[in-house]
Engineer: 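So that we are looking at the same thing, I have put the structure below in structure tokens.
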2 protein chains.
Amino acid sequence: MNNDAMQPIPLPTIRRFPEYLRFVEDKRLAGEEWISTTEIGAAIGRKSVVVRKDLSYSGVAGHPRRGFRLEELAPALRRSLGWDNATDAFLVGVGSLGQALLGYGGFANYGMRIVAAFDCNDDITGGSMAQSQIFPIQKLPQLAKRMNVKLGIIAVPQDVAQSVANILVDAGIRGIWNFAPVQLDVPSNVVVRREDLSHGLAVLSYQLREECETIRPE
Amino acid sequence: MNNDAMQPIPLPTIRRFPEYLRFVEDKRLAGEEWISTTEIGAAIGRKSVVVRKDLSYSGVAGHPRRGFRLEELAPALRRSLGWDNATDAFLVGVGSLGQALLGYGGFANYGMRIVAAFDCNDDITGGSMAQSQIFPIQKLPQLAKRMNVKLGIIAVPQDVAQSVANILVDAGIRGIWNFAPVQLDVPSNVVVRREDLSHGLAVLSYQLREECETIRPE
DNA sequence: TCAATATCGATAAGTTATTATCGAATCCTT
DNA sequence: AAGGATTCGATAATAACTTATCGATATTGA
């Protein structure tokens with residue numbers, strides 16, 4: 001129906017895609033052939049009409065009385081997300097968070113591969129961790145060019161995050177996944193996605209308090 | 001203007017509150033007395049009208065030509081978020097992610113304190129990490145009751161996340177911060193907030209690809 | 001073969017959130 | 001002391017997202 005990415009996909013839809021993908025892959029592994037939006041919705045806790053609308057953006061057509069063909073849907077979701085061929089990424093900052101990211105094996109499913117890590121602490125540079133070598137930050141520019149890496153992950157304390165971002169931008173990085181709680185100042189052609197735990201915790205705290213206050217029996 | 005939390009605060013607003021709070025605290029530390037929505041907006045990259053609308057939910061009134069009084073705004077934001085008095089929390093799962101969470105010192109600013117950690121690995125239970133003792137998971141119910149803990153953090157692999165959730169719920173936990181990529185099935189009076197890195201990465205990948213495709217200079 | 005049913009896909013309605021606009025209030029400058 | 005500038009706060013307009021509804025279609029089972 002839609003020809004590739006002509007029309008932009010709403011961001012809420014994009015955010016839900018990984019959930020669909022995860023479920024769809026599970027089903028495929030289980031040997032199923034078809035999946036309905038009813039079933040997907042039930043599994044991930046959303047109304048089927050939301051799922052149906054979302055899936056329409058993937059470009060695959062469903063089948064009355066059957067649903068969607070898994071073999072078709074999974075690759076389409078990956079493609080929509082840009083996860084169809086893995087993107088190489090650099091990680092900057094090998095503190096506790098950086099180590100957790102390095103140790104997390106699941107990024108392959110998300111079309112990303114951390115190919116090198118960087119830090120300014122001499123005690124750990126030169127070594128490696130979870131199959132990734134750790135280089136001094138000074139080496140980043142030349143390696144970025146040589147390896148043609150376009151994605152950078154910032155996992156450093158907030159007071160150095162901006163300077164790291166500058167280094168990344170100068171090195172030709174086009175996308176930054178920022179785990180430091182600061183607003184980065186970058187050129188408009190560089191995409192920044194900030195991951196901030198406080199946002200999630202804020203919603204949780206609020207809802208928790210709201211729940212305690214409103215549910216006051218009698 | 002508003003009397004406490006009579007009217008519900010929109011979730012997008014709640015998500016932005018931590019950013020305002022961070023900036024406001026910085027300014028306060030710097031010895032400032034007033035802050036305008038214009039300045040806040042410029043700092044965190046949003047239009048001033050958004051900030052103004054959001055702040056109206058906090059209950060504090062601004063001052064023409066001056067802005068908002070920092071001494072008043074910071075506590076109000078904390079109160080709105082439910083961050084005014086710290087909530088004790090249990091962490092379950094002391095793998096690499098759990099360790100990163102334990103090691104992260106910033107939760108105090110978010111009104112949360114991890115008072116104990118739990119794991120099923122005998123090698124690490126009994127020890128401690130970042131000032132938190134690590135207990136076997138079996139001890140959780142009795143400790144939850146004794147310490148009156150109402151918030152649980154799930155940082156275990158996804159295949160055991162649901163069973164951990166069940167334990168938490170049975171132990172009287174009212175809110176769960178879930179870092180496992182699964183939809184948890186819990187009673188409706190328990191609030192679950194799922195933290196899923198794939199959502200953020202999805203948006204980043206999509207925007208990155210979109211950028212590359214649309215910005216095609218001639 | 002034909003009716004019943006589950007599903008998709010499109011349209012419409014409703015809700016929520018964002019953005020724009022403007023008057024009122026206060027401070028600052030002259 | 002008076003005019004200009006800046007900011008708040010309210011209202012209105014726009015846009016985005018969600019939810020509801022319904023006909024079309026293909027499969028199943030009688």
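Just so it is clear, the values below take in all heavy atoms, side chains as well, and ignore hydrogens, waters and symmetry mates.
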Engineer: Are OP1 or OP2 of D:dT6 and a side-chain N or O of B:Ser36 less than 4.0 angstrom apart?
Structural biologist: no
Engineer: What is the distance, to the nearest angstrom, from the CG atom on A:Leu11 to the P atom on D:dA15?
Structural biologist: 18 Å
Engineer: Classify the angle between the aromatic ring planes of A:Trp177 and A:Phe107 as parallel (below 30°), tilted (30 to 60°) or perpendicular (above 60°).
Structural biologist: perpendicular
Engineer: What is the separation between atom CD1 on B:Ile9 and atom C1' on C:dA17, rounded to the nearest whole Å?
Structural biologist: 15 Å
Engineer: Take atom CG of B:Leu55 and atom P of C:dT18, then tell me their distance rounded to the nearest Å.
Structural biologist: 14 Å
Engineer: How would you label the contact of A:Thr38 with the nucleic acid (heavy atoms, under 4.0 Å): base, sugar-phosphate, or nothing?
Structural biologist: sugar-phosphate
Engineer: Begin with the C-alpha distance, continue with both residues' side-chain angles, and end with the deciding distance and a verdict on side chain to side chain contact (heavy atoms under 4.5 Å, CB included) for B:Val182 and B:Gln162.
Structural biologist: CA-CA 8 Å; B:Val182 280; B:Gln162 182 61 59; over 6 Å; no
Engineer: Nearest whole angstrom, please: distance from the C1' of C:dA17 to the CZ of B:Arg15.
Structural biologist: 11 Å
Engineer: Between B:Phe17 and B:Tyr20, is there a side-chain heavy-atom distance shorter than 4.5 Å?
Structural biologist: yes
Engineer: Does a side-chain heavy-atom distance below 4.5 Å link B:Leu70 with B:Glu33?
Structural biologist: no
Engineer: Answer yes or no: is there a side-chain heavy-atom contact under 4.5 Å between B:Gln207 and A:Leu11?
Structural biologist: yes
Engineer: Nearest-nucleotide wise, let me know which of A:His63 and A:Lys53 is further upstream toward the 5' end of DNA chain C.
Structural biologist: A:His63
Engineer: Between C1' on C:dC8 and CZ on A:Arg69, what's the gap in Å once rounded to a whole number?
Structural biologist: 15 Å
Engineer: For D:dC8 and B:Arg52 - does any side-chain N or O of the residue sit under 4.0 Å from the phosphate oxygens OP1/OP2?
Structural biologist: yes
Engineer: The side chain of B:Pro10 lies closest to which of these nucleotides: D:dT19, C:dA17, C:dC8?
Structural biologist: C:dA17
Engineer: Please state how far atom CZ in B:Arg16 lies from atom C1' in C:dT16, giving the value in whole angstrom units.
Structural biologist: 12 Å
Engineer: Please report the distance, rounded to the nearest Å, between NZ in B:Lys47 and P in C:dA17.
Structural biologist: 19 Å
Engineer: Just call it for A:Ser48: base, sugar-phosphate, or nothing, with non-hydrogen atoms closer than 4.0 Å on any strand.
Structural biologist: nothing
Engineer: Is the shortest side-chain N/O distance from A:Ser56 to OP1 or OP2 of C:dG9 below 4.0 Å?
Structural biologist: no
Engineer: Verify the contact: side-chain N or O of A:Arg66 to OP1 or OP2 of D:dT28, cut-off strictly under 4.0 Å; return yes or no.
Structural biologist: yes
Engineer: Which nucleotide wins on minimum distance to the side chain of B:Pro64, given the candidates D:dA10, D:dT7, D:dC17?
Structural biologist: D:dT7
Engineer: Base, sugar-phosphate alone, or nothing: which one does B:Thr13 contact when heavy atoms must sit under 4.0 Å apart?
Structural biologist: nothing
Engineer: Ion pair present between B:Asp196 and A:Arg22, side-chain N to carboxylate O less than 4.0 angstrom?
Structural biologist: yes
Engineer: Identify which nucleotide among C:dT19, D:dT19, C:dG9 has an atom closest to any side-chain atom of A:Val50, counting heavy atoms from C-beta outward.
Structural biologist: D:dT19
Engineer: Which whole-number value in Å describes the distance from A:Gln7 CD to D:dA16 C1'?
Structural biologist: 14 Å
Engineer: Among D:dA20, D:dA10, C:dA17, which nucleotide has an atom closest to any side-chain atom of B:Val49?
Structural biologist: D:dA10
Engineer: Tell me whether the side-chain N or O atoms of B:Arg65 pair up with the base of D:dT7 as donor and acceptor below 3.5 Å, since no angle test is needed here.
Structural biologist: no
